[in-house]
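Here's the structure we're looking at; comments come further down.
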Amino acid sequence: AIDRLHEEGLLHRDLKVANVFLADVPKLVDFGLACLCEDAAFEGGTPAYMAPELFGVSQPATAATDLYAFGVMLFIALTGSKPFAARTLPAWEKAHRETPPPLPSRMNPQ
């Protein structure tokens with residue numbers, strides 16, 4: 001679904017677990033922040049899934065920002081938890097920019 005959006009020149013800009021509806025086949029929902037790639041100034045999103053470049057000085061959203069959010073979704077699917085935890089927007093920014101995602105204990109090399 002993400003690839004198809006990007007092929008059509010669209011960005012979702014708020015990919016997160018809550019925006020995937022599981023029915024017969026998974027469906028991507030909530031296109032409230034979606035836009036054409038050429039109009040992709042960032043206008044919000046969910047901090048736990050936001051690419052680092054979307055914090056602070058606003059950078060335009062790109063297909064890479066959707067893929068970053070998809071990577072966070074995959075991390076959650078594989079580990080059962082988000083890669084970062086924070087309570088404020090500055091703390092989310094710091095986590096995404098400076099903190100490596102934790103390696104789940106079952107994956108830690110011994």
Exercise. Could you go step by step and tell me if Arg13 and Thr65 meet the side chain to side chain contact (heavy atoms under 4.5 Å, CB included) rule?
Worked result: CA-CA 7 Å; Arg13 299 190 312 167; Thr65 57; 5.5 Å; no
Just how far is it from atom [atom1] of [X] to atom [atom2] of [Y], taken to the nearest 0.5 Å?
X     : Y     : atom1 : atom2 : result
Tyr49 : Trp92 : OH    : CH2   : 8.5 Å
Leu15 : Leu28 : CG    : CG    : 5.5 Å
Asp66 : Asp14 : CG    : CG    : 9.5 Å
His96 : Leu54 : NE2   : CG    : 9.5 Å

Exercise. Who else is in Val29's hydrophobic cluster (ILVMFWY, side-chain heavy atoms under 4.5 Å, direct or via others)?
Worked result: Phe21
For this session: Establish whether Val25 and Leu22 are linked, either directly or via other cluster members, by ILVMFWY side-chain heavy-atom contacts under 4.5 Å.
Result: no
Should [X] and [Y] count as side-chain neighbours, where that means a heavy-atom distance under 4.5 Å?
X     : Y     : answer
Val72 : Pro83 : yes
Phe75 : Lys82 : no
Tyr68 : Pro52 : yes

Exercise. Between Leu11 and Leu5, does a side chain to side chain contact (heavy atoms under 4.5 Å, CB included) hold up when you go through it step by step?
Worked result: CA-CA 6 Å; Leu11 299 174; Leu5 277 176; over 6 Å; no
Problem set entry | CA sep, side-chain torsions, deciding dist, call: Val20, Met73, side chain to side chain contact (heavy atoms under 4.5 Å, CB included) | CA-CA 10 Å; Val20 177; Met73 291 170 56; 3.3 Å; yes
For this session: Step by step, work out the side chain to side chain contact (heavy atoms under 4.5 Å, CB included) result for Ile2 and His12.
Result: CA-CA 8 Å; Ile2 299 165; His12 190 280; over 6 Å; no
Problem set entry | Side-chain donor/acceptor of Thr46 to backbone N/O of Ala48, under 3.5 Å | no
